[in-house]
Structure formats: C-alpha cells, structure tokens
Amino acid sequence: MRKFEKLGFALPINNLTLRKALKLAFSDPASRRTDIRGIIRADRAREAGTDSGGGDFYGPFWYDAKQHVLGLSDLHVDTQSRIDSNPRRQNLYPQLRDGFLLWWSERRRWVNSPYEQGDNHFGQIYISQIGMTIRVENLISVIDGHGDEYAVYPYFSPEPNISEDAGRFGLWGMTEALTEISPSQLRLLDVIRGQSFSLDRSPLQGNEQEVFTARLSAVIEEYEALLSEYE
C-alpha cells in the first residue's frame, strides 16, 4: 500500500479519464512531469478555494463535433464562434476541427448516409492492483443507415500522438468499460491527427491490462514523489 493511501487521501491521479491516462502513460518524461505537477497544483487550488474553474477546454469543441455529425450544424462555423468567444481556443480549435473533418469526411469507413443519435454510452474500469479508476465517457454515438451503432471516444492532446501501442491500450479500456456495445463498433479517435483505431486494424494481444497497469503504476509513483514537494 502506498504511503498516501495509508493516510486515506483520495488522490486525483487515481481517478482519470481514459484520454488523460493514455497521455500520462505515453508522454515523454519531461511532459509527463509537467502534467503531473499541473494535476497537483489544480488539486491544491481546489482545496484552497482558489481554483478559477475554467471548465473543460475541449468540451465545447466536442459538443460541436457531435452536432456536425448529426447534420445539425457546421463545424467550421461553430469553431469560429467558439474562438470569437474565447481567444484562448484560436490555436488548438482549428487543429481539432481540421483533424476531425479529415477523419469524418475522408478516412471514416462507414455508410455515407444520414446518422441518428445513438445511446449515451459511458463506463469505467477499476484497476485494483494500483487502485485506479479510469472513466470512459462523453462519446459520439451514432446509428448509420443500416442500423449499426458506432461509439467514438476522443483523444484531444497535441502531444503525444496515439501510437499503435497506445491505440491498443485505449481500445482495451473501451472494451472493458463499454460492455453494452459490440467491440467491433468502438473507435478511439486521435482528433488532431484525424486517425482512428479499431479492433479490426489494431487487434488486442492479450497483455494490454498488464502493460498498461505497469505504465500507470509508474505514473502514480512519480505523482507521489512530486506530491511531497507541495506539502
């Protein structure tokens, strides 16, 4: 048992979205350390009541992407409106827009017909070996003209990109958390690069839980080492 678990602390590093877990597990050491420090500082700010509460930076874009897929709006128009309302978005939002539209318009291998809204899929995985919960939520879920439902989980970060290994681990997490939808209909989307991962092209090898757990265990250990600097 880790020293902070003995004290009964609820560590934010032990409750992550799947995309954050992938980012931390596959970032280079310097970037990972920066991200971990950011998690610690944000948690300290919340405890002190000084968190400005900027909200989910990527959430508005993903909402607009969902509307675009359903034919309810135009992502070009919506992205510009988001940038106009918050100039902090002017760098990443166009990259997200272009990557998403590259995938949706050119790389996606689904039926080119109108789509209907699918079910609201979400779930989580608990990795008991390290006491970590990984959440899989806020997907695009659509039903095509043949009645087939697809669920798409987004990875937004500019760096690192989703490698083939990271793609497999992400798909493993999705299949574990989203048991009510066929694994063949799941997609992990690296939004900026417009690249999706599916089990037919990135089949699981059987060691995903073991290797992913080891990587995340190292992340937790680094978090705990850095946490002592903020006490």
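Computed from heavy atoms alone, side chains included, the values below leave out hydrogens, waters and symmetry copies.
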Subject >> Audit row: V211, W172, side chain to side chain contact (heavy atoms under 4.5 Å, CB included) steps and yes/no >> reply: CA-CA 11 Å; V211 176; W172 168 80; over 6 Å; no
**OP:** Report the C-alpha distance between Y155 and L189 in whole Å, list the side-chain angles of each, state the deciding distance to 0.1 Å, and finish with yes or no for side chain to side chain contact (heavy atoms under 4.5 Å, CB included).
**Re:** CA-CA 6 Å; Y155 174 86; L189 178 63; over 6 Å; no
**OP:** Determine, stepwise, if the pair M132 / N15 fulfils side chain to side chain contact (heavy atoms under 4.5 Å, CB included).
**Re:** CA-CA 6 Å; M132 177 179 283; N15 191 325; over 6 Å; no
Subject >> Q117 and I143: CA distance, side-chain angles, deciding distance, side chain to side chain contact (heavy atoms under 4.5 Å, CB included) verdict >> reply: CA-CA 6 Å; Q117 177 69 57; I143 301 172; over 6 Å; no
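In this structure, the separation between CG on L24 and CD1 on I39 is 5.0 Å, given to the nearest 0.5 Å. Between I134 atom CD1 and L16 atom CG the span is 7.0 Å, to the nearest 0.5 Å. Here D190 contributes atom CG and S196 contributes atom OG; the two are 10.0 Å apart, rounded to the nearest 0.5 Å. For the atom pair OH (Y150) and OG (S182), the distance works out to 9.5 Å, reported to the nearest 0.5 Å. Rounding to the nearest 0.5 angstrom, the gap separating the CZ atom in R88 from the CD1 atom in I83 is 12.5 Å. Taken from NZ in K66 to CG in L139, the straight-line distance is 7.5 Å, to the nearest 0.5 Å.
Residues forming a side-chain hydrogen bond (donor to acceptor under 3.5 Å, both in side chains) with S202 (at least two apart in sequence, or on another chain): E164. Looking at residues two or more places apart in sequence or on another chain, you find no salt bridge (charged side-chain N to carboxylate O under 4.0 Å, His left out) involving K20. Taking R37 as the reference, E229 meet the salt bridge (charged side-chain N to carboxylate O under 4.0 Å, His left out) condition, with sequence neighbours excluded. For D28, the salt bridge (charged side-chain N to carboxylate O under 4.0 Å, His left out) criterion is met by no residue, not counting sequence neighbours. The ring-ring contact (aromatic ring centres under 6.0 Å, His included) test applied to Y58 returns F156, not counting sequence neighbours. In this structure, Y153 has no ring-ring contact (aromatic ring centres under 6.0 Å, His included) partners at least two apart in sequence or on a different chain. For D165, the salt bridge (charged side-chain N to carboxylate O under 4.0 Å, His left out) partners are R168, not counting sequence neighbours. Every side-chain hydrogen bond (donor to acceptor under 3.5 Å, both in side chains) that S85 has, sequence neighbours left out, goes to R89.
Using a 4.5 Å cut-off on side-chain heavy atoms (C-beta onward), H68 and D78 make no contact. Contact annotation: the side chain of S31 never approaches that of E159 to less than 4.5 Å [non-hydrogen atoms, C-beta and beyond]. Between M174 and L188 the shortest side-chain heavy-atom distance falls below 4.5 Å. Looking only at side-chain heavy atoms (C-beta outward), T133 and N14 stay at 4.5 Å or farther from each other. For the pair D148/H146, a side-chain contact is recorded, criterion being any heavy-atom separation below 4.5 Å from C-beta on. Looking at L92 and F61, their side chains never come closer than 4.5 Å, going by heavy atoms from C-beta outward. Side-chain contact between Y223 and I40 is present, with at least one heavy-atom pair separated by less than 4.5 Å. Contact check for I13 versus D43: no side-chain heavy atoms found under the 4.5 Å cut-off.
Using a distance-only test at 3.5 Å, with no hydrogens or angles considered, a donor-acceptor pair links the side chain of T34 to the main chain of A30.
Note on W62: it clusters hydrophobically with V69, by side-chain heavy-atom contacts below 4.5 Å among ILVMFWY residues. In this structure, V136 is a member of the same hydrophobic cluster as I127, with clusters built from ILVMFWY side-chain heavy atoms closer than 4.5 Å. Cluster annotation: L70 is connected to W104 through the hydrophobic network of ILVMFWY side chains, with a link wherever side-chain heavy atoms come within less than 4.5 Å. Using a 4.5 Å cut-off between side-chain heavy atoms of Ile, Leu, Val, Met, Phe, Trp and Tyr, with links allowed through other members, L204 and I162 fall into the same hydrophobic cluster. Linking Ile, Leu, Val, Met, Phe, Trp and Tyr residues whenever their side-chain heavy atoms come within less than 4.5 Å places I140 and L72 in a single cluster.
In this structure, S157 and R193 approach most closely via the heavy-atom pair O-NH2, 2.9 Å. Across all non-hydrogen atoms, the minimal contact from G145 to S113 is N-OG, 3.3 Å. For P154 against R19, the heavy-atom pair with the smallest separation is O-NH1, 3.1 Å. Minimum interatomic distance between S141 and H121 (heavy atoms only, all atoms of both residues): OG-CD2, 3.5 Å. In terms of heavy atoms, A25 sits closest to R215 at O-NH1, 2.9 Å. Residues I130 and S217 share a closest heavy-atom pair of CG2-CB, 3.7 Å.
Pairs passing the salt bridge (Lys or Arg N to Asp or Glu O under 4.0 Å) check and including a residue from residues 104-125, sequence neighbours excluded, read R109-D200. The salt bridge (Lys or Arg N to Asp or Glu O under 4.0 Å) analysis of residues 131-145, with sequence neighbours excluded, yields the pairs R135-E137. Legend: ring-ring contact (aromatic ring centres under 6.0 Å, His included) pairs involving residues 185-213, not counting sequence neighbours, sorted by first then second residue: F169-F212.
Other residues, nucleotides and ligands place more than 12 heavy atoms under 6.0 Å from the CD atom of E180.
We find that D35 and R32 are not joined by a salt bridge, their nearest charged nitrogen and carboxylate oxygen being 4.0 Å or further apart.
Classified by interplanar angle (parallel below 30°, tilted 30° to 60°, perpendicular above 60°), the ring pair Y93/F57 is perpendicular.
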For residues 94-101, which side-chain donor-acceptor pairs fall under 3.5 Å, sequence neighbours excluded?
residue : atom : partner : partner atom : Å
Q95     : NE2  : N91     : O            : 3.2
Q95     : NE2  : N91     : OD1          : 3.1

